[in-house]
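Notes for the one structure printed next.
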Amino acid sequence: MPKRSIPKGGTRGTVYKAAARERILDAEKLSEANRVHGAIYLAGYAIECHLKYAVCENAESTYLDSSLEIHSWDALLLHSGLEAKLARNAAMKSIYDELTDVWTTSLRYNPERRVRPADLQLYLQLKFLYEFFQETAP
């Protein structure tokens, strides 16, 4: 079955896959340098990019539909084909639900430099969720 075309303005799914991989590596380096808030932001963004890639794979489309060039994990998850896999893994579903409530605009733009244990835990959960999606992508 040939890949279908999409509305003008869409980005290639492979671009999102590569961006996700690079952002998680950047997050790891920031975490190692004790720049955890930046690591949190980039790890969350890596998840978003990987979900966009999964949407393309699930739709058998080279490009992400421009209507899905959004920042909502829930909307992307719905179109990614990963929702059922996530639902079957109770521990990951719990982490996902917690992170979608926490990974908000205010968290993403937190200028604070002080690192608390909860910040480190949040980063590790984001990284764990990214790895889950990477392993289960269509």
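Note that this is a predicted model, so its numbers are computed, not measured. The analysis underlying the following values was restricted to heavy atoms, covering all of them including side chains, and did not include hydrogens, waters or symmetry mates.
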Check your understanding: To the nearest 0.5 Å, how far apart are SG in Cys49 and CZ in Phe133?
Key -> 13.5 Å
Review point. Any side-chain heavy atom of Tyr96 sitting closer than 4.5 Å to one from Trp73?
Key: yes
Exercise for review: Taking the side chain as every heavy atom from C-beta outward, state whether Ile24 and Leu42 have any atom pair closer than 4.5 Å.
Suggested key: no
Check your understanding: Are Tyr123 and Ile95 linked, directly or through other ILVMFWY residues, by side chains that come within less than 4.5 angstrom of each other?
Key -> yes
Check your understanding: Leu122 versus Trp103: any side-chain heavy-atom pair under 4.5 Å?
Key -> no
Check your understanding: Between Ser31 and Glu28, is there a donor-acceptor pair closer than 3.5 Å when you use the side chain of the first and the backbone of the second?
Key -> no
Check your understanding: Under a 4.5 Å side-chain heavy-atom rule over Ile, Leu, Val, Met, Phe, Trp and Tyr, are Leu51 and Leu78 clustered together?
Key -> no
Review point. Hey, quick one: are Val15 and Val55 part of the same hydrophobic cluster, counting side-chain heavy atoms closer than 4.5 Å, chains of contacts allowed?
Key: no
**Study point:** From NZ (Lys17) to CD (Glu57), nearest 0.5 Å
**Key:** 7.0 Å
**Study point:** Distance, nearest 0.5 Å, that separates CG of Asp74 from CD of Glu83
**Key:** 8.5 Å
Practice item. Taking Asn89 for its side chain and Leu86 for its backbone only, find out whether a donor-acceptor pair lies under 3.5 Å. Key: no
Point to revise | Heavy-atom side-chain contact between Asp26 and Tyr41 under 4.5 Å | key: no
Review point. Do any N or O atoms from the side chain of Thr100 and from the backbone of Asp97 form a donor-acceptor pair under 3.5 angstrom?
Key: yes
Practice item. Look up atom CD in Glu48 and atom OH in Tyr16, then write down how far apart they are to the nearest 0.5 Å. Key: 8.0 Å
Exercise for review: Would you check, one step at a time, whether the test side chain to side chain contact (heavy atoms under 4.5 Å, CB included) holds for Val36 with Leu120?
Suggested key: CA-CA 7 Å; Val36 177; Leu120 293 171; 3.4 Å; yes
Check your understanding: Between His50 and Tyr53, how do the two ring planes meet: parallel, tilted or perpendicular, split at 30° and 60°?
Key -> tilted
Exercise for review: Please report the shortest heavy-atom distance between Ala27 and Ala43, naming the atom on each side.
Suggested key: CB-N, 3.8 Å
Revision key, fill the gap. dist Lys85:NZ -> Leu77:CG (nearest 0.5 Å) comes out at 11.5 Å
Point to revise | Close side-chain approach of Leu126 and Ile40, heavy atoms under 4.5 Å | key: yes
Review point. Are any non-hydrogen side-chain atoms of Asn58 and His79 less than 4.5 angstrom apart?
Key: no
Check your understanding: Looking only at atom types and distance, does a side-chain atom of Thr136 sit under 3.5 Å from a main-chain N or O of Phe132, one as donor and one as acceptor?
Key -> yes
Exercise for review: Work out which heavy atom in Ser72 is nearest to a heavy atom in Ala75; give both atom names and the distance.
Suggested key: OG-N, 3.2 Å
**Study point:** Side-chain heavy atoms of Met92 within contact of Phe128, under 4.5 Å
**Key:** yes
Point to revise | Spatial distance of atom OG1 (Thr14) from atom CG (Leu64) [nearest 0.5 Å] | key: 11.5 Å
Practice item. Would you tell me whether Asp65 and Ser67 have side-chain atoms, one donor and one acceptor, within less than 3.5 Å of each other? Key: yes
**Study point:** NZ/NE/NH1/NH2 to OD/OE distance under 4.0 Å, Glu69 and Lys52
**Key:** no
